[in-house]
There are 2 protein chains.
Amino acid sequence: MLTEQRKSLLLDRLRADGRLVAKDLSLELAVSEDTIRRDLRELAADGLLKRVHGGALPLAPEHGPLVRRVGLKTDEKAQLARLAAPLVTSGSVCFVDGGSTHAALLNALPAELDATIITHSPTIAAATERLPRVTCILIGGTIYKQSMVALGAKAHGALGDLAFDVAFIGGTAFAPDRGLMTVDREEALFKAAAAERAASVAVMLTAEKIGASAPFKIMDAAAITTMIVPDVPLPDTLTASTDVLLS
Amino acid sequence: MLTEQRKSLLLDRLRADGRLVAKDLSLELAVSEDTIRRDLRELAADGLLKRVHGGALPLAPEHGPLVRRVGLKTDEKAQLARLAAPLVTSGSVCFVDGGSTHAALLNALPAELDATIITHSPTIAAATERLPRVTCILIGGTIYKQSMVALGAKAHGALGDLAFDVAFIGGTAFAPDRGLMTVDREEALFKAAAAERAASVAVMLTAEKIGASAPFKIMDAAAITTMIVPDVPLPDTLTASTDVLLS
DNA sequence: TTTTTTCGTGCATATTCATGCAATATCGCG
DNA sequence: CGCGATATTGCATGAATATGCACGAAAAAA
């Protein structure tokens, strides 16, 4: 393994996982911890990451409510993202909803991926920058501060002439009998419209959303093609109609 | 084995494997490591790969252009941004172009600002998150990787029914006789269309852009209402029709 | 506090690199 | 064909780089 190659691998890993642990990396890459520490020191000197005791963290964990959420459950989301990433196949056309979980998905996509990503989230769109072969179509409209995505008539209209191979749809709550839910009516309508235009629907859920409830229904559980969830007990009713990827 | 043949084989191998290791190649091709190293040196000089200790790697696509630019001239841009921020007055409706300079502008806006910001840049839109009283309208369309903004027919159409108090327009070059210019025709058309819909046009320019040239004209110097520039000598011809803020 | 883990530095070793030089091969041209 | 010019290759040498280990300091954990 070339030194420079290892360093860029570290940076990729940092982007995907949100942190680096020197000890784990030394085992995984079969080099001494000293070597990893040296790498981290040099990358930090180049201003590419921030050294901390035990490993390293991204430089500017951008501020703001959304990113604060990103900071939470980082591991869980990164793990879900690694599971979900293969669903974005080469040549496919994917809708990606907003939210920190989907931001983690973007970070987990391989750099050489060749696909089309359609989103109404400026954060997701910005994350496509590192993917040179990905075409990104941004759906415009009025940005809703609560979730930082474009919604409203304009955004709805822009969906009109699109069709997706896969739609990654997020929500704030999920229950087998009530389906996928969220806290805002406008959001729910948009997510439902996006899901309807997709050949398959993928839903990534962190543990605390499962079994919870929220006022506005996005879609039935049966409409979900693939669920990506942590390895927690799930009702059997799900597995009948839905693929479930467990982390 | 001919030298050129070997070199092109090296490039093929680099594409396939994502890296080259000098020692392995010398064994495999039955030539000395010196020969391989010489090849790599020459290929690197031709800009076809990146030499590293032990071999070579593909040319670094790693640095996203925007990310890299954000890191550069940070101080200068922040200073321009402080000057330009008061142009975004309470209650006004502003168009903000993409680019790292405008990202700095967003960072310089006061948290209590109450205004409407319209942009075709996902990065700018994401930056409005920390401004709770700012309404953001995102212009959608196909994202152009080069500049990470939405362009094309969709984006153009979305401009149609909008009018701005101020438009912040960027460019890659400016000269008093040639006006504001950029490197892409599609970009130039969009910027011009945005500027036409604004009561006043503000242009923030870092020093290296002044007096430079680029192929596509956005607008005449006379169409610029306010220029925000570093404190460098400027032709008198400007000050006649344009406000100039010096840092 | 005590204990454990991680860090930084200095140092030793192994690998890789750049340079100069010589041997050989190839080409250009009369 | 002959002969010089140029290019290619391999080798030797000293420099630069990469890595691992040891040891005391610093930080985190108990």
Side-chain angles (χ1 to χ4, degrees), chain A residues 1-61 63 67-68 70-79 111, chain B residues 1-63 68 71:
Chain A
M1 163 91 59
L2 301 167
T3 306
E4 294 297 326
Q5 194 182 8
R6 189 180 55 235
K7 284 191 191 175
S8 89
L9 188 151
L10 293 180
L11 287 176
D12 285 345
R13 188 58 82 83
L14 177 59
R15 200 178 24 239
D17 295 353
R19 64 169 185 164
L20 295 177
V21 179
K23 184 164 192 164
D24 298 351
L25 291 164
S26 78
L27 290 173
E28 186 175 335
L29 302 178
V31 293
S32 75
E33 291 184 43
D34 299 73
T35 301
I36 298 294
R37 273 198 288 270
R38 244 183 287 252
D39 290 343
L40 296 182
R41 232 176 291 160
E42 289 161 14
L43 290 170
D46 293 345
L48 297 172
L49 50 75
K50 178 185 164 201
R51 285 224 62 192
V52 297
H53 204 88
L57 293 173
L59 246 199
H63 18 279
V67 183
R68 206 169 317 138
V70 170
L72 299 175
K73 320 254 180 195
T74 304
D75 287 349
E76 185 180 357
K77 285 173 181 172
Q79 202 159 5
Chain B
M1 159 104 43
L2 301 167
T3 306
E4 292 302 321
Q5 191 184 358
R6 189 179 54 235
K7 282 190 189 175
S8 88
L9 189 149
L10 292 181
L11 287 175
D12 286 346
R13 188 57 84 82
L14 177 58
R15 238 192 318 276
D17 297 351
R19 65 166 184 169
L20 295 176
V21 179
K23 184 166 192 162
D24 298 352
L25 291 164
S26 79
L27 290 172
E28 185 175 336
L29 302 179
V31 292
S32 74
E33 291 183 41
D34 300 73
T35 301
I36 298 294
R37 272 198 286 271
R38 249 183 287 251
D39 291 342
L40 296 181
R41 232 176 293 163
E42 289 160 14
L43 290 170
D46 292 345
L48 297 171
L49 49 74
K50 176 187 166 199
R51 284 222 64 192
V52 298
H53 202 88
L57 292 173
L59 274 178
E62 57 205 56
H63 305 298
R68 187 179 48 202

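Every chain is numbered from 1 and lettered A, B, ... according to where its sequence line falls, protein lines coming before strand lines. What you see is a predicted model, and the numbers here were worked out from it, not measured in a lab.
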Rounded off to whole Å, could you give me the CG-to-C1' distance for the A:L2 and C:dC17 pair?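 Roughly 14 Å, once rounded to whole Å.
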Of all heavy-atom pairs between B:R19 and A:Q5, which one has the smallest distance, and what is that distance?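 Looking at all heavy atoms of both residues, the shortest contact is CD-OE1, 3.1 Å.
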Exercise: identify the closest heavy-atom pair between A:L49 and A:A56: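 Scanning both residues completely, I find the closest heavy atoms to be CD1-CB, 3.8 Å.
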Between [Y] and [X], is there a side-chain heavy-atom distance shorter than 4.5 Å?
X     : Y     : result
B:V31 : B:R6  : yes
B:H53 : A:E4  : no
B:S26 : B:T35 : no

Looking at residues 19-45 of chain B, who's got a heavy atom less than 4.0 Å off DNA chain D?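 Result for residues 19-45 of chain B: B:V31, B:S32, B:D34, B:T35, B:R38, sorted by number.
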Provide the start and end nucleotides, 5' to 3', of the part of DNA chain D that has atoms under 4.0 Å from heavy atoms of chain B.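 The protein-touched segment is D:dT8 to D:dA18.
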Result of checking B:D39, B:L20, B:L48 against B:L11 for side-chain contact (heavy atoms from CB on, under 4.5 Å):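 Result: among B:D39, B:L20, B:L48, B:L48 is the only option passing the side-chain contact (heavy atoms from CB on, under 4.5 Å) with B:L11.
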At what distance, to the nearest 0.5 angstrom, does CG of A:L9 lie from CG of A:L14?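 So the gap between those two atoms works out to 11.5 Å.
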Please round to the nearest 0.5 Å and tell me the distance separating atom NZ of B:K50 and atom CG of B:L40.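 Interatomic distance, B:K50 NZ to B:L40 CG, rounded to 0.5 Å: 14.0 Å.
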